[in-house]
Amino acid sequence: MKNSPEVIPHVLLVDDNCDGLLVRRSLLEEIGCTVSVAHNGEEGLQLFRSSNFDVVVTDYRMPRMNGVEMIALIRQTNPNARIVLLSGFVEPLGLTEENTGADSVIAKSANEPGHLMRAVKRLLNAGKRKPPVSQKDPKRFRASAR
């Protein structure tokens, strides 16, 4: 049993859609997170650089700087940052963890709330971040065929 006080996870939520921010903030607070919000990638990057966050949740499509551009700049600052990318265009744009730099890519859909809560919980409980496996890495496709 731990004697230290419980640490409340701090999440940075970045989205240019106010309704999306409101709903996702409520979901994240429901699972016990403290949430800071930013309305675009530039504001999100500023907040990220000025505070400590356990997880970053960002939308893909935003004005001035999209989510993938923000992720690349966050990775320069902290390669081990835990990041979830949300998009309504996951399939049409072929967005994956490998090509976005996110730890988790979630499609905006009716199932998004559950997927988002599970992804954030998983990232909060994960050890040190491992870089995504390249699709060209043969070890990725090894499976015991016995």
Side-chain angles (χ1 to χ4, degrees), residues 2 4 6-143:
K2 295 179 183 177
S4 61
E6 188 175 323
V7 176
I8 297 172
H10 193 191
V11 175
L12 173 59
L13 179 58
V14 186
D15 195 338
D16 62 321
N17 181 302
C18 292
D19 293 334
L21 281 173
L22 181 67
V23 170
R24 292 181 192 101
R25 180 181 200 155
S26 296
L27 284 170
L28 294 167
E29 288 174 343
E30 189 177 300
I31 61 170
C33 298
T34 299
V35 181
S36 295
V37 298
H39 299 277
N40 60 58
E42 292 170 350
E43 188 180 326
L45 189 59
Q46 268 186 320
L47 274 172
F48 182 82
R49 289 177 173 159
S50 67
S51 190
N52 291 321
F53 293 96
D54 299 296
V55 176
V56 176
V57 177
T58 183
D59 187 24
Y60 170 74
R61 192 172 181 188
M62 298 180 287
R64 295 192 298 252
M65 178 189 300
N66 70 37
V68 173
E69 293 166 333
M70 187 183 80
I71 290 169
L73 293 169
I74 286 174
R75 292 275 181 236
Q76 289 175 8
T77 303
N78 180 356
N80 294 314
R82 308 224 187 279
I83 305 171
V84 176
L85 178 69
L86 303 170
S87 178
F89 305 97
V90 170
E91 286 189 31
L93 296 177
L95 300 174
T96 66
E97 288 80 3
E98 290 83 9
N99 66 20
T100 63
D103 295 290
S104 181
V105 175
I106 298 173
K108 290 182 179 179
S109 69
N111 298 321
E112 177 200 333
H115 291 306
L116 177 60
M117 292 189 337
R118 280 189 297 280
V120 169
K121 286 178 183 178
R122 178 179 54 82
L123 292 173
L124 288 170
N125 293 320
K128 188 175 180 182
R129 180 182 184 272
K130 295 176 184 158
V133 177
S134 167
Q135 290 182 345
K136 295 177 184 175
D137 185 349
K139 289 185 266 185
R140 180 173 187 256
F141 298 103
R142 278 191 205 152

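Basis for what follows: all heavy atoms, side chains included, without hydrogens, waters or symmetry-related copies.
- We find the CG-CG distance between L22 and L27 to be 10.0 Å, quoted to the nearest 0.5 Å.
- The line from OG of S87 to CE of M62 is 10.5 Å long, rounded to the nearest 0.5 Å.
- Using a 4.5 Å heavy-atom cutoff, the side chains of P9 and V55 are not in contact.
- Between E97 and D103, the shortest heavy-atom distance links the atoms CG-O, 3.4 Å.
- Listed by first and then second residue, the salt bridge (charged side-chain N to carboxylate O under 4.0 Å, His left out) pairs involving residues 37-59 are E42-R64, D59-K108 (not counting sequence neighbours).
- Contact check for H10 versus S36: side-chain heavy atoms found under the 4.5 Å cut-off.
- Residues T100 and Y60 are not in side-chain contact: their nearest non-hydrogen atoms beyond the backbone lie 4.5 Å or more apart.
- Rounding to the nearest 0.5 Å gives a distance of 13.0 Å between CD1 of I71 and CD of Q76.
- The side chain to side chain contact (heavy atoms under 4.5 Å, CB included) test applied to N111 returns S109, H115, not counting sequence neighbours.
- When atom types are taken as modelled, the side chain of S51 and the backbone of L47 share no donor-acceptor pair closer than 3.5 angstrom.
- The salt bridge (charged side-chain N to carboxylate O under 4.0 Å, His left out) analysis of residues 20-40, with sequence neighbours excluded, yields the pairs D15-R24, R24-E112, R25-E29.
- One finds the CD1 atom of I74 at 6.5 Å from the CG atom of L12 (value rounded to the nearest 0.5 Å).
- The backbone N or O of G94 sits less than 3.5 Å from a side-chain atom of N99, completing a donor-acceptor pair.
- Here the CD1 atom belonging to I83 is positioned 6.5 Å from the CE atom belonging to M70, to the nearest 0.5 angstrom.
- Between F48 and F53, the two ring planes are parallel [angle under 30°; tilted spans 30° to 60°].
- In terms of heavy-atom proximity, A119 sits nearest to V84 at CB-CG2, 4.3 Å.
- Atoms OG1 and CG, on T96 and L85 in that order, are 10.0 Å from each other to the nearest 0.5 Å.
- Shown here for D19 and N17, the closest heavy-atom pair between the two residues is N-OD1, 2.8 Å.
- Side-chain contact between L13 and L21 is present, with heavy atoms from C-beta onward closer than 4.5 Å.
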| After noting the C-alpha distance and the side-chain angles of L124 and C33, does the key distance pass the side chain to side chain contact (heavy atoms under 4.5 Å, CB included) rule? | CA-CA 10 Å; L124 288 170; C33 298; 4.2 Å; yes

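- Counting only distance, with no hydrogens or angles, the side chain of R75 and the backbone of A81 share a donor-acceptor pair below 3.5 Å.
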